[in-house]
Amino acid sequence: MGVGIALSTNALLKKPNPNKWDIFKKIFVRSVKMFIIGIMLNSRFGVKLVDLRIMGVMQRIGICYFVTASIELVFFREFKESAADDEERRKSWKYYLNDIIAPWRQWLAMSALLLIWFLVVFLVDVPDCGRGYFGPGGLDGYGKYAKCIGGATGYIDELILGRSHLYSRPTPAKIYKTAEPFDPEGIMGSISSILLTFLGVQAGRILFFYDKRQYLHIVKWLAWSVVCLILFFALTQADMTNGWIPANKNLWTPTFTLLTASSAFLLLALFYFLIDVKSIWTGNPFIYPGMNSIIIYCSHSLFKYVLPCQWLVANTHAAQFYMALWGMIYWILISIYLFHKKIFYNL
């Protein structure tokens, strides 16, 4: 999504007399549509409005898209590379950092959001929890944090969204017997998710900041992968569970974001090399789900327990793996069918 934001914003603002207000309205409407679709999916099993879960995957995607696209729109500065860029300029170290230097306003805005996350998580004194707690509550710490799950992350969600509107079956409950609700797609975790989207925008900037220099694209993405990995090890102290900031998907901590971003930069460089540089692979058949991602995601959410999408199999790693593999193949086949029928939907 982040790469798409960078490319689309660049394309829209390079048009003659672009109207930023009109573009912002489109961003806002699209974000609201994603949020509403997510709310609707949360109600698919039937629910009372007083117990309706507010957040979810689509809602988080909508939030990340809105914040990141708005930042990019407001602070966007066009960068042009042309034949006039002579060899002397390309020998300057600043040329190779233009994708960071030029969007310094965007980086400042993102840093402000991350600062909010750190201040809340480490300074807010959460009842029955204290400061800087990242654990699952329940039996953790021999029951010391029985009523605390997720520390400040869970506390802020409960204050703003309300206890009855949180996810009532959090994954830690199975092991730690946590009785408290917790939303893995909550408000605080959305800030770190915005960081991941923003790093995707950074990957996209590299494409048009260094247009036609394919190997430089790859080098830059690999460099970002290494930087994210170094920051990940520094913040976790090379300990994913007991370091300064654990890598936790339920909390969506910044370290989890950095690890995810590192692998994403690496995979982007690899696929770019295979598909765009060497033309070894076309990207098939995975390009088809991308053409109808909203339809595929919503359909999977609605019909994932229905034949032929899925059926009950033995509770073993092998059986579950082949069931998941079939699910992927099934939805790829559906997306290919939609493509040939010329059925497309986007927001």
Side-chain angles (χ1 to χ4, degrees), residues 1-4 29-66 157 161 164-174 181-186 189-190 193 196-197 200 249-250 252 260 264 267 271 282-347:
M1 180 169 66
V3 174
V29 170
R30 192 180 190 194
S31 304
V32 169
K33 285 180 179 178
M34 284 190 273
F35 203 95
I36 291 174
I37 289 173
I39 292 285
M40 293 169 64
L41 290 175
N42 282 353
S43 67
R44 63 189 182 278
F45 298 117
V47 66
K48 294 180 181 178
L49 290 179
V50 293
D51 299 321
L52 178 64
R53 181 189 176 198
I54 294 176
M55 301 300 286
V57 174
M58 284 295 294
Q59 295 92 313
R60 174 167 285 187
I61 292 174
I63 291 171
C64 292
Y65 172 74
F66 175 75
D157 284 343
L161 302 174
S164 63
H165 296 296
L166 302 179
Y167 187 55
S168 60
R169 301 184 301 279
T171 51
K174 297 178 182 179
F182 178 80
D183 208 311
E185 277 83 39
S190 296
S193 300
L196 183 61
T197 310
K249 183 181 183 298
N250 273 320
W252 207 283
T260 305
L267 289 173
F271 291 141
T282 63
N284 280 324
F286 302 108
I287 59 173
Y288 296 104
M291 295 179 184
N292 258 315
S293 56
I294 297 295
I295 290 180
I296 297 300
Y297 176 79
C298 292
S299 298
H300 169 69
S301 297
L302 293 171
F303 304 115
K304 62 182 177 181
Y305 299 119
V306 179
L307 281 171
C309 308
Q310 181 177 309
W311 56 90
L312 293 177
V313 296
N315 191 24
T316 64
H317 288 293
Q320 295 296 326
F321 169 77
Y322 288 118
M323 189 71 261
L325 182 62
W326 161 247
M328 180 187 71
I329 294 171
Y330 176 80
W331 289 113
I332 288 176
L333 293 174
I334 293 296
S335 64
I336 293 173
Y337 172 80
L338 294 173
F339 173 79
H340 286 292
K341 288 293 183 179
K342 294 182 172 54
I343 299 174
F344 303 99
Y345 178 74
N346 60 64
L347 301 174

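Every value quoted in this text rests on a predicted model; they were computed, and no experiment measured them.
In this structure, I295 CD1 and N346 CG are separated by 9.5 Å, a value rounded to the nearest 0.5 Å. Rounding to the nearest 0.5 Å gives a distance of 14.0 Å between CE of M291 and CD1 of I343. Once rounded to the nearest 0.5 Å, the distance linking CE of M34 with CZ of F66 reads 11.0 Å. Of the inter-residue distances, the one linking F286 atom CZ with M328 atom CE reads 5.0 Å to the nearest 0.5 angstrom. In this structure, S164 OG and K48 NZ are separated by 11.5 Å, a value rounded to the nearest 0.5 Å.
The 12-atom threshold is exceeded at OH of Y345, counting heavy atoms of other residues, nucleotides or ligands nearer than 6.0 Å. A 6.0 Å sphere centred on CG of L49 holds no more than 12 heavy atoms belonging to other residues, nucleotides or ligands. At most 12 non-hydrogen atoms from other residues, nucleotides or ligands lie less than 6.0 angstrom from CZ of F303. Heavy-atom neighbours of F344 CZ from other residues, nucleotides or ligands within 6.0 Å: above the threshold of 12. For CE of M40, the number of neighbouring non-hydrogen atoms (other residues, nucleotides, ligands) closer than 6.0 Å is 12 at most. The number of heavy atoms from other shown groups lying within 6.0 Å of CG (L312) does not exceed 12.
Looking at every heavy atom in both residues, D183 comes nearest to M55 through OD2-CB, 3.7 Å. Between S43 and L52, the shortest heavy-atom contact is CB-CD1, 4.1 Å. Here the shortest heavy-atom pairing between L161 and I54 reads O-CD1, 4.1 Å. Contact between M323 and V313 at its shortest, heavy atoms only, is SD-CG1, 3.9 Å. Nearest approach of I332 to P285, heavy atoms of both residues: CG2-CB, 3.8 Å. Looking at every heavy atom in both residues, A319 comes nearest to A314 through CB-O, 3.2 Å.
Between V57 and R60 the shortest side-chain heavy-atom distance does not fall below 4.5 Å. Between S31 and I63, every side-chain heavy-atom pair lies at or beyond the 4.5 Å cut-off. R169 has its side chain out of reach of F182: every pair of non-hydrogen atoms, C-beta onward, lies at least 4.5 Å apart. Taking the side chain as every heavy atom from C-beta outward, P172 and N250 approach each other to under 4.5 Å. Residues K249 and T260 are not in side-chain contact: their nearest non-hydrogen atoms beyond the backbone lie 4.5 Å or more apart. At a threshold of 4.5 Å between non-hydrogen side-chain atoms, the residues W331 and N292 do not count as touching. No side-chain heavy atom of Q59 sits less than 4.5 Å from a side-chain heavy atom of R53. Under the 4.5 Å side-chain criterion, counting only non-hydrogen atoms from C-beta, M58 is not in contact with N42.
Relative ring orientation between W311 and W326 is described as tilted, the plane-to-plane angle lying within the 30° to 60° band. Relative orientation of the F45 and Y305 rings is tilted, given thresholds of 30° and 60° on the angle between their planes.
Between the side chain of R44 and the backbone N or O of L41, at least one donor-acceptor pair lies under 3.5 Å. Looking at S299, its side chain never comes within 3.5 Å of a backbone N or O of I296 through a donor-acceptor pair.
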Chi angles and distances behind the side-chain contact (heavy atoms from CB on, under 4.5 Å) call for I37, Y297: CA-CA 11 Å; I37 289 173; Y297 176 79; over 6 Å; no
Steps toward side-chain contact (heavy atoms from CB on, under 4.5 Å) verdict (K341, L338): CA-CA 5 Å; K341 288 293 183 179; L338 294 173; 5.8 Å; no
